[in-house]
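What follows is a set of notes on a single structure, which appears directly below.
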Amino acid sequence: MERIKLAIERARAQAGAPQAAPAWEPRTIDLPPLPRETMDAVPLDLVRLDPFHLQQHRIVGLDQSNPLRQSFDLLRTQVLQRMQEHGWRTIAITSPSMASGKTVVSINLAMSIAHHPSKTSLLVDFDLRRPSVATYLGLPVGNSLNEVLAGEVDVNSAIVNAGIPGFQVLATQHRVTGAADVLASDGVSHLIKGLRDASPDRIVVIDLPPVTAVDDVIAVLPRVDCVLVVIGSGSSTTREIEETKRHLARFNVLGVAVNMAPLTMANSGYY
């Protein structure tokens, strides 16, 4: 919890000093060819992602020249080292409040893990009230977690191979009614276990709602190995950070990622 204490001190120091988000200008991206030795590993159903759409949502996993890519690679290294020490393979991403950039961190971290030579990643959108992973990535509409939870399709038919080899996504296409009860169900517990155990090299990254918005996070965290907290610079108050610290005290908090580039979002309610 020392990292959360440091984040609280930083939030206090920044109180009353709003920060403008840096300009985000799309630029041409030269996609490098896949190495010859990895060509055979490319899934036939790999969904191509639009680089400019990703840029507009601050997703940098395809842009090797972007300095933010290096930052997420560093975060990946730190996360994987901590998880390996404990034998953990599922990690949840949450935040104290909205507009902290938790989904951006979730996607970029999962893509960075997929670039690791000995790991693959599966990103699951368990923000069932306001799902956005599919929108941020520009994924086509198709089978999703919605149909899996409804028992209409097998989970494997809803997982998308997205953009790069080793990066898979189980998206949620629309809001789920009774999200907290769904996340607390045995079905979700078995689903998470099955996703983790499907491959020994897979890291499951789970995008969750903000801690202080709803009780969904507390419902699902007992089923996840550890949690990373994303605190947006200027977007999380000291009270929200303190409340998050209290709620997460009994879980394995891997660390705190301070997002220094807050997104511009409408300050609307979570529902």
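R223 and S189 make their closest contact through NE-CB, 3.3 Å (heavy atoms, listed as atom of the first residue, atom of the second, distance). Contact between L123 and F167 at its shortest, heavy atoms only, is CB-CE1, 4.1 Å. Nearest heavy atoms, I164 versus L62: CG2-CD2, 3.4 Å. In terms of heavy atoms, L208 sits closest to A92 at CD1-CB, 3.5 Å. Of all heavy-atom pairs spanning V148 and A158, the tightest one is CG2-CB, 3.7 Å. In this structure, I107 and Y136 approach most closely via the heavy-atom pair CD1-CB, 3.6 Å.
In this structure R202 satisfies the salt bridge (Lys or Arg N to Asp or Glu O under 4.0 Å) test with no other residue, sequence neighbours excluded. Legend: residues meeting salt bridge (Lys or Arg N to Asp or Glu O under 4.0 Å) with D207, ordered by chain and number and at least two apart, are K102.
The closest donor-acceptor contact from the side chain of D127 to the backbone of S132 lies at 3.5 Å or more, if one exists at all. In terms of modelled atom types and a separation under 3.5 Å, the side chain of T212 and the main chain of P96 share a donor-acceptor contact. A donor-acceptor contact shorter than 3.5 Å links the side chain of T94 to the backbone of P209. S121 contributes a side-chain N or O that, together with a main-chain N or O of A110, makes up a donor-acceptor pair within less than 3.5 Å. Remark: side-chain polar atoms of N259 are not paired, donor with acceptor, to backbone N or O of I231 under 3.5 angstrom. Checked by atom type and distance alone, the side chain of R76 never pairs as donor or acceptor with a backbone atom of I113 at under 3.5 Å. Checked by atom type and distance alone, the side chain of T237 pairs as donor or acceptor with a backbone atom of E240 at under 3.5 Å. Although no hydrogens or angles enter the test, the distance criterion places a donor-acceptor pair under 3.5 Å between the side chain of E147 and the main chain of S144. In this structure, the side chain of N108 engages the main chain of R58 through a donor-acceptor pair within 3.5 Å.
Between the side chains of N146 and T172, no donor-acceptor pair is found at a separation under 3.5 Å. For the residue pair S97 / S236, a side-chain donor-acceptor distance below 3.5 Å is found, with atom types taken as modelled. Residues D201 and S199 have side chains that never bring a donor and an acceptor to within less than 3.5 angstrom of each other. Side chains of S118 and H116: a donor-acceptor N/O pair is present below 3.5 angstrom, by distance only. For the 3.5 Å distance criterion, the side chains of Q168 and N161 qualify, holding a donor opposite an acceptor.
Looking at I218 and R250, their side chains come closer than 4.5 Å, going by heavy atoms from C-beta outward. Within the 4.5 Å cutoff, the side chain of F251 has no heavy atoms near those of the V224 side chain. Two residues are said to be in side-chain contact when any heavy atoms from C-beta on lie closer than 4.5 Å; L80 and K119 meet this criterion. You'll find the side chain of D225 reaches within 4.5 Å of the side chain of R196, heavy atoms only.
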Checking D216 against R129 for the salt bridge (charged side-chain N to carboxylate O under 4.0 Å, His left out) test, could you report, in this order, the C-alpha distance in whole Å, the side-chain angles of both residues, the deciding distance, and whether it holds? CA-CA 9 Å; D216 300 15; R129 300 175 195 254; 2.8 Å; yes
Which is it for L139 and V169 under the side chain to side chain contact (heavy atoms under 4.5 Å, CB included) test, yes or no, and what are the steps along the way? CA-CA 9 Å; L139 296 179; V169 179; 3.8 Å; yes
Passes side chain to side chain contact (heavy atoms under 4.5 Å, CB included), I206 versus I192? Steps please. CA-CA 9 Å; I206 299 174; I192 293 175; 4.2 Å; yes
List the steps, then state whether side chain to side chain contact (heavy atoms under 4.5 Å, CB included) holds for I59 with M111. CA-CA 9 Å; I59 309 304; M111 294 185 78; 3.6 Å; yes
Do F72 and V105 pass the side chain to side chain contact (heavy atoms under 4.5 Å, CB included) test, and can you show the C-alpha distance, the side-chain angles, and the key distance before you say yes or no? CA-CA 8 Å; F72 282 108; V105 172; 4.2 Å; yes
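Remark: L195 CG to I159 CD1 distance equals 5.5 Å, nearest 0.5 Å. To the nearest 0.5 Å, atoms CG (L145) and CG (L191) are separated by 6.5 Å. Note that OG of S100 is 12.5 Å distant from CD1 of I93, once rounded to the nearest 0.5 Å. Residue T90 holds its OG1 atom at 9.5 Å from CG of N252, rounded to the nearest 0.5 Å.
Ring pair H53/H57 is tilted by interplanar angle, where 30° to 60° counts as tilted.
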Using distance only, find each side-chain donor-acceptor pair of residues 178-186 under 3.5 Å and give its atom names and separation, not counting sequence neighbours.
residue : atom : partner : partner atom : Å
S185    : OG   : V182    : O            : 2.6
S185    : OG   : V188    : N            : 3.3

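By the neighbour-count criterion of 12 heavy atoms within 6.0 Å, atom CD of Q84 is sparsely surrounded, having that number or fewer from other residues, nucleotides or ligands.
Taking 4.0 Å as the cut-off between side-chain N and carboxylate O, R246 and E242 do not count as a salt-bridged pair.
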